[in-house]
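Here's the structure we're looking at; comments come further down.
In the text below, chain A, chain B and the rest are named by the order of the sequence lines, each starting its count at 1. Computed from a predicted structure; not experimentally measured.
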There are 4 protein chains.
Amino acid sequence: MIRIGILGAKGYTAGELMRILAGHPRARLACLMARVEAPEPVAKYFPALRGIVALPIEPVDLSALAARCDAVFLALPHTTAQEYAPALIEKNVRPIDLSADFRFDSVELYEATYKVTHLAPQLNARIPYALPELFRAEIAGAPGLAIPGCYTTTSILALAPFMTRGEALDLDRIVINALSGVSGAGRSPTETTHFPECNESVAAYGVARHRHRPEIEEKLGRLAGRPIRLVFTPHLIPMNRGILVTCTIPMKRPVTIAEAHGWVREFYAGEPFVRVLPEGEVPATGAVALTNFCDIGVVADPHAAALVVISAADNLVKGASGQAVQAMNALFGLPETMGLLAANESD
Amino acid sequence: MIRIGILGAKGYTAGELMRILAGHPRARLACLMARVEAPEPVAKYFPALRGIVALPIEPVDLSALAARCDAVFLALPHTTAQEYAPALIEKNVRPIDLSADFRFDSVELYEATYKVTHLAPQLNARIPYALPELFRAEIAGAPGLAIPGCYTTTSILALAPFMTRGEALDLDRIVINALSGVSGAGRSPTETTHFPECNESVAAYGVARHRHRPEIEEKLGRLAGRPIRLVFTPHLIPMNRGILVTCTIPMKRPVTIAEAHGWVREFYAGEPFVRVLPEGEVPATGAVALTNFCDIGVVADPHAAALVVISAADNLVKGASGQAVQAMNALFGLPETMGLLAANESD
Amino acid sequence: MIRIGILGAKGYTAGELMRILAGHPRARLACLMARVEAPEPVAKYFPALRGIVALPIEPVDLSALAARCDAVFLALPHTTAQEYAPALIEKNVRPIDLSADFRFDSVELYEATYKVTHLAPQLNARIPYALPELFRAEIAGAPGLAIPGCYTTTSILALAPFMTRGEALDLDRIVINALSGVSGAGRSPTETTHFPECNESVAAYGVARHRHRPEIEEKLGRLAGRPIRLVFTPHLIPMNRGILVTCTIPMKRPVTIAEAHGWVREFYAGEPFVRVLPEGEVPATGAVALTNFCDIGVVADPHAAALVVISAADNLVKGASGQAVQAMNALFGLPETMGLLAANESD
Amino acid sequence: MIRIGILGAKGYTAGELMRILAGHPRARLACLMARVEAPEPVAKYFPALRGIVALPIEPVDLSALAARCDAVFLALPHTTAQEYAPALIEKNVRPIDLSADFRFDSVELYEATYKVTHLAPQLNARIPYALPELFRAEIAGAPGLAIPGCYTTTSILALAPFMTRGEALDLDRIVINALSGVSGAGRSPTETTHFPECNESVAAYGVARHRHRPEIEEKLGRLAGRPIRLVFTPHLIPMNRGILVTCTIPMKRPVTIAEAHGWVREFYAGEPFVRVLPEGEVPATGAVALTNFCDIGVVADPHAAALVVISAADNLVKGASGQAVQAMNALFGLPETMGLLAANESD
């Protein structure tokens with residue numbers, strides 16, 4: 001059994017990790033830590049886990065954590081995780097970081113985006129960007145993992161199959177409109193996430209300055225072999241879970257739905273967690289809720305000479321904790337689906 | 001007092017007309033008709049209007065309707081309103097049509113879009129497209145009015161100020177992503193609008209083939225003096241009311257936020273129902289709920305060389321019944337704000 | 001024109017007062033004050049009121065407030081309003097207090113319930129409990145008013161008609177189950193009102209110890225002429241607005257629906273804001289949203305020998321700001337419906 | 001492996017059965033049938049199950065069904081299931097009926113409640129009411145099972161521990177207020193479940209005449225050894241899943257929270273799916289969503305001399321399909337938790 005620790009155990013992604021790992025046949029929760037004064041029951045923060053998770057949430061103690069775990073999920077705010085990852089690696093424990101701290105190839109871009117100095121730039125190159133569908137080869141055996149987040153995963157998976165189609169598509173005019181459920185904003189109450197403020201209302205936010213855009217552009221650029229700049233407009237939607245990403249890619253020459261759909265189908269052939277919908281069908285977030293799936297639909301618009309590619313995922317699962325477990329499986333040489341698809345399903 | 005009739009009195013836009021007109025100082029409800037077997041109380045269909053509207057909803061009788069009204073709101077399905085408008089005009093009653101039947105300049109485009117033969121093509125040219133902010137001059141004294149709908153109003157108002165800026169902006173690569181509350185789908189229950197299906201989920205629909213796109217393109221084309229083709233992707237959002245339209249317009253040359261914002265501010269100077277937000281602010285549908293306002297925000301994205309223009313409206317008010325009353329006011333020579341802004345507000 | 005001030009101008013009830021008073025023909029907003037460092041535009045806190053309310057929100061200055069107003073709405077937390085009311089009265093300004101501070105007949109009960117010492121006990125008896133339907137006679141000309149809140153108004157209006165029916169009903173075994181929308185919890189974000197916590201979930205709270213129970217019991221006791229003790233269980237519901245109160249009253253002898261309905265109908269005959277539904281019909285909060293109505297329905301349950309009485313109101317209107325305006329009208333000798341029903345409606 | 005069939009495979013409880021059984025280690029889906037013209041993919045009705053369930057939904061063919069299954073879940077409307085159960089038993093297949101058709105001890109009460117003639121009254125007594133926590137002994141080896149529904153399960157579990165406490169509690173004055181998410185109304189769109197009608201609104205329905213009351217009363221009466229009559233008022237709440245039941249039981253003598261809590265704790269000692277909350281805590285439906293748990297909280301109200309007992313469950317899991325799988329496990333001699341708690345959890 002892989003012994004698992006979670007640092008930052010009071011947040012939503014931590015709770016989701018506990019829910020998933022409670023059913024994992026080869027991993028077990030060994031240590032939960034967070035900013036608490038004294039040990040507290042998990043049910044205080046996650047009433048749903050009453051009777052499921054017996055471990056308490058303890059005050060942070062890095063030595064104790066390292067002694068009891070083989071891998072530690074860092075469910076911490078951006079810019080905080082980098083304080084812990086190096087020490088864990090030193091103690092031979094694998095950090096699996098759900099923050100943005102090790103996601104960038106370019107330390108400079110990270111520092112410009114998050115407005116901090118990177119504390120472990122030398123380590124950054126050794127920690128792969130753990131989006132298994134695209135960068136699987138780098139995961140197994142790595143000293144630690146950087147787990148992509150919800151907007152980035154859903155956007156990158158939608159657009160990746162087209163990054164080598166520059167002869168047919170205008171990769172300089174991509175527009176992403178993204179819709180996110182409110183749990184994507186985290187667990188701390190704010191005016192924006194106060195129920196009467198966000199219920200029965202929608203609005204965009206972070207327009208032209210959201211910090212996930214640079215990450216999306218960097219990874220797509222890696223796939224395209226050229227710089228990518230795109231418009232990224234996120235919106236807050238009155239629902240708990242779910243990310244829907246609607247991408248528009250102008251055509252340079254007529255592209256049929258059959259051709260475009262074929263590109264995507266082929267690109268994701270054999271992937272257990274990407275469901276390419278039939279031609280012309282589009283995904284709904286409700287259909288991926290509480291699963292590790294990313295559903296992708298493609299529509300061709302000959303009238304306006306564009307492709308519309310839409311992807312849906314659960315922001316807390318494929319957009320965070322599910323993906324982290326999928327990557328952990330790959331890291332430790334287990335089937336990626338373990339603990340993420342029911343026993344019968346993964347037959 | 002203008003005597004008002006409503007045909008199709010059981011639907012959401014009809015209920016909204018009643019709510020608004022109950023407080024209108026110069027119009028009064030005179031006749032409500034719909035497909036009913038016998039007269040029924042309004043409260044059966046609109047419990048909120050119990051004690052507010054005393055008139056019953058009666059079976060349709062065109063002669064009685066015409067005898068009792070000066071103007072009749074047609075709150076009918078597309079392709080149905082055209083059956084009634086000519087007869088009403090003949091009897092000297094003004095039809096104010098909330099359907100799409102007289103919205104198109106081109107009868108051919110209407111017929112291609114709605115897959116029917118237009119029953120009154122000769123009348124079509126005499127019934128103006130009653131979007132007062134853009135086409136005010138044609139409204140006063142017209143024999144009837146075609147009221148723009150929610151997606152079209154909100155989209156056209158967002159983009160109109162830029163239609164003459166072709167030197168700076170690429171008008172051939174406009175992308176509209178639209179988010180609609182569920183009341184926009186009308187009152188008939190369907191699988192799509194069944195609560196457990198659309199709550200806690202978002203999805204696009206009608207991608208690349210929504211019938212409001214041709215209408216938007218035609219009107220913007222009129223403003224631009226050239227054909228406009230654009231991508232239009234509507235989404236269904238789990239809330240009752242509200243339309244949010246996010247438009248992306250690529251730049252051909254650098255355009256600052258100050259410049260773009262100035263265009264919009266100037267374009268709508270003095271308009272009582274368009275609120276241009278301060279530079280960089282973006283609208284929320286919650287802030288226009290139950291009002292006739294359309295809020296517009298502009299953001300410049302120099303990184304991706306695009307403008308992002310976002311507008312918000314209440315689909316049942318500025319996107320339907322409020323706009324219809326605003327246009328009715330203009331038709332009868334009353335201040336456009338009458339009955340739509342509280343007494344003190346319109347001082 | 002009555003010159004109106006609002007103290008505590010950043011909260012939900014204040015915003016609702018502004019929305020209502022913007023359309024009031026005989027009152028005008030003269031001064032808005034709250035805990036701000038410097039004057040701020042109303043639209044910062046209430047984007048919906050952009051262009052509707054021109055006054056800024058200013059730092060609190062009691063002298064300036066008194067100089068500019070005839071009446072001041074105290075939209076302040078419980079236990080805070082009592083600090084301001086006496087000073088305003090001294091300066092000949094009428095405080096209209098939306099908090100609980102002057103709602104109790106018994107100062108002792110107030111102090112026990114809110115765990116504070118009352119600062120103006122001598123004033124308490126002079127400020128009537130301004131629930132016009134029940135205690136109208138005490139309002140006109142009072143030095144100030146105590147406005148009942150949402151749970152109390154909706155509960156008391158439902159039960160009042162039965163308080164003299166002790167021969168038929170068991171007034172010692174009344175059970176109230178109340179459902180409240182989240183705006184009832186106020187504007188300060190908390191863990192409980194964080195969207196992902198309260199959306200898609202319901203729970204009771206304050207069971208057996210909610211501080212509105214003593215107020216309900218005191219007022220019903222006044223009507224009954226004997227002490228009333230009842231069970232009051234409030235629940236938080238994932239919606240913005242609305243209170244639904246379901247009351248169960250055991251029968252001591254068989255009571256028919258006709259008899260019970262007649263009691264209620266007669267009790268509220270002529271009341272403009274209480275809509276007694278037809279026999280057997282029950283109210284929905286959606287039908288009273290954004291109105292000052294309280295809808296009441298009665299059902300007889302002969303099988304279990306009980307009456308079920310259900311009432312619905314908008315917690316921010318009839319449960320707060322609408323009721324406050326209704327009471328203000330009565331205080332100043334205006335028709336109670338002024339500004340609360342559209343012009344045509346109040347004909 | 002137990003071979004499982006589902007009849008009525010297009011409804012919500014059927015989809016939930018598929019979701020649960022896809023992960024069951026000892027059962028496998030063998031046959032899905034419903035009113036379809038030709039075989040259709042499951043994903044057409046349950047997009048979430050795309051790639052999870054490979055079987056098609058076939059037209060109903062009872063012989064084929066019986067030949068391929070050991071047990072068949074009847075996910076059919078009330079009064080329809082009784083047409084199929086006898087034939088299945090005759091062919092040696094176990095019907096597990098989620099409808100009300102075999103839930104009543106008294107055939108007369110069933111017929112009076114559902115206004116039909118029971119088609120298999122002789123079979124009725126042989127099919128136990130499969131609420132394992134209360135009637136476990138009757139399940140193993142039965143020819144078929146009647147699965148309690150959501151209101152009944154949640155209500156009965158809350159009240160059962162008190163049925164033998166008649167010396168302390170007034171069992172003649174029990175009041176149940178129940179709140180249900182909209183999926184409890186089934187999958188067929190109706191005006192009531194149309195999103196804009198039930199979102200942002202709450203209302204009671206079926207007051208004093210809901211057909212689940214007789215079932216609750218009959219089972220509680222069995223436990224109490226005397227007739228039980230109670231008030232049952234269900235409400236529709238704008239959320240997808242969840243049942244919250246708030247029960248008020250008057251005291252005949254003072255009962256402390258410690259005493260009442262002890263009764264409940266002891267009553268459910270060792271039950272894997274009933275979580276008795278700590279003294280004074282009350283449950284939320286969000287904490288049991290997508291689980292087979294029923295959470296129960298108890299509060300004593302000495303002021304009003306009553307106990308308030310609140311229970312929460314997921315209407316589609318413990319209130320339907322999860323309970324059906326729990327009962328199936330018991331029927332076939334498997335651990336009740338199999339497939340319902342994750343592997344690690346059930347260790």
Side-chain angles (χ1 to χ4, degrees), chain A residues 10-16 19 34-36 40 43-50 57 75 150 179-205 235-243 285-286 289-290 314-317 319-321, chain C residues 10-16 19 34-36 40 43-50 57 75 150 179-205 235-243 285-286 289-290 314-317 319-321:
Chain A
K10 298 190 296 185
Y12 285 146
T13 55
E16 201 67 8
R19 183 182 70 80
R35 281 201 189 157
V36 291
E40 294 190 318
K44 178 176 173 184
Y45 298 96
F46 304 103
L49 297 176
R50 187 187 303 276
I57 299 179
C150 51
L179 314 181
S180 173
V182 185
S183 64
R187 188 162 193 169
S188 299
T190 65
E191 195 174 321
T192 308
T193 60
H194 188 48
F195 188 91
E197 295 298 313
C198 59
N199 185 44
E200 285 297 296
S201 190
V202 289
Y205 66 98
H235 302 72
L236 194 66
I237 302 294
M239 60 183 188
N240 282 358
R241 285 165 176 254
I243 289 275
T285 60
L290 287 142
D314 184 316
N315 55 300
L316 290 177
V317 188
S321 305
Chain C
K10 297 190 297 185
Y12 285 145
T13 54
E16 200 67 7
R19 183 182 71 79
R35 281 202 189 156
V36 292
E40 294 189 317
K44 178 176 174 185
Y45 298 97
F46 305 102
L49 296 176
R50 187 186 303 278
I57 299 177
C150 50
L179 313 181
S180 172
V182 185
S183 65
R187 189 162 194 169
S188 298
T190 64
E191 195 173 322
T192 307
T193 61
H194 188 47
F195 187 91
E197 296 298 314
C198 59
N199 186 44
E200 287 297 293
S201 191
V202 289
Y205 66 97
H235 301 72
L236 194 66
I237 301 294
M239 60 183 188
N240 282 358
R241 284 165 177 255
I243 290 275
T285 61
L290 287 142
D314 183 317
N315 55 301
L316 291 177
V317 188
S321 305

Under 4.5 Å to a heavy atom of chain A? For C/R241 that would be neither
Residue list, side-chain contact (heavy atoms from CB on, under 4.5 Å) with A/S180, at least two apart or on another chain = A/Y151, A/I243
Taking C/H194 for its side chain and A/S183 for its backbone only, find out whether a donor-acceptor pair lies under 3.5 Å.
-> no
Measure the CD-OH distance between C/E191 and A/Y45 for me, rounded to the nearest 0.5 Å.
-> 8.0 Å
Only counting residues at least two apart or in another chain, list the ones meeting side-chain contact (heavy atoms from CB on, under 4.5 Å) with C/S201.
-> D/A284, D/T285
Identify the residue among C/L236, C/N240, C/T192, C/T190 that makes a side chain to side chain contact (heavy atoms under 4.5 Å, CB included) with A/F195.
-> C/N240
Could you tell me whether the side chain of C/E200 reaches within less than 4.5 Å of the side chain of A/M239, counting heavy atoms only?
-> no
Which bit of C/T193 comes within less than 4.5 Å of chain A, counting heavy atoms only: side chain, backbone, both or neither?
-> both
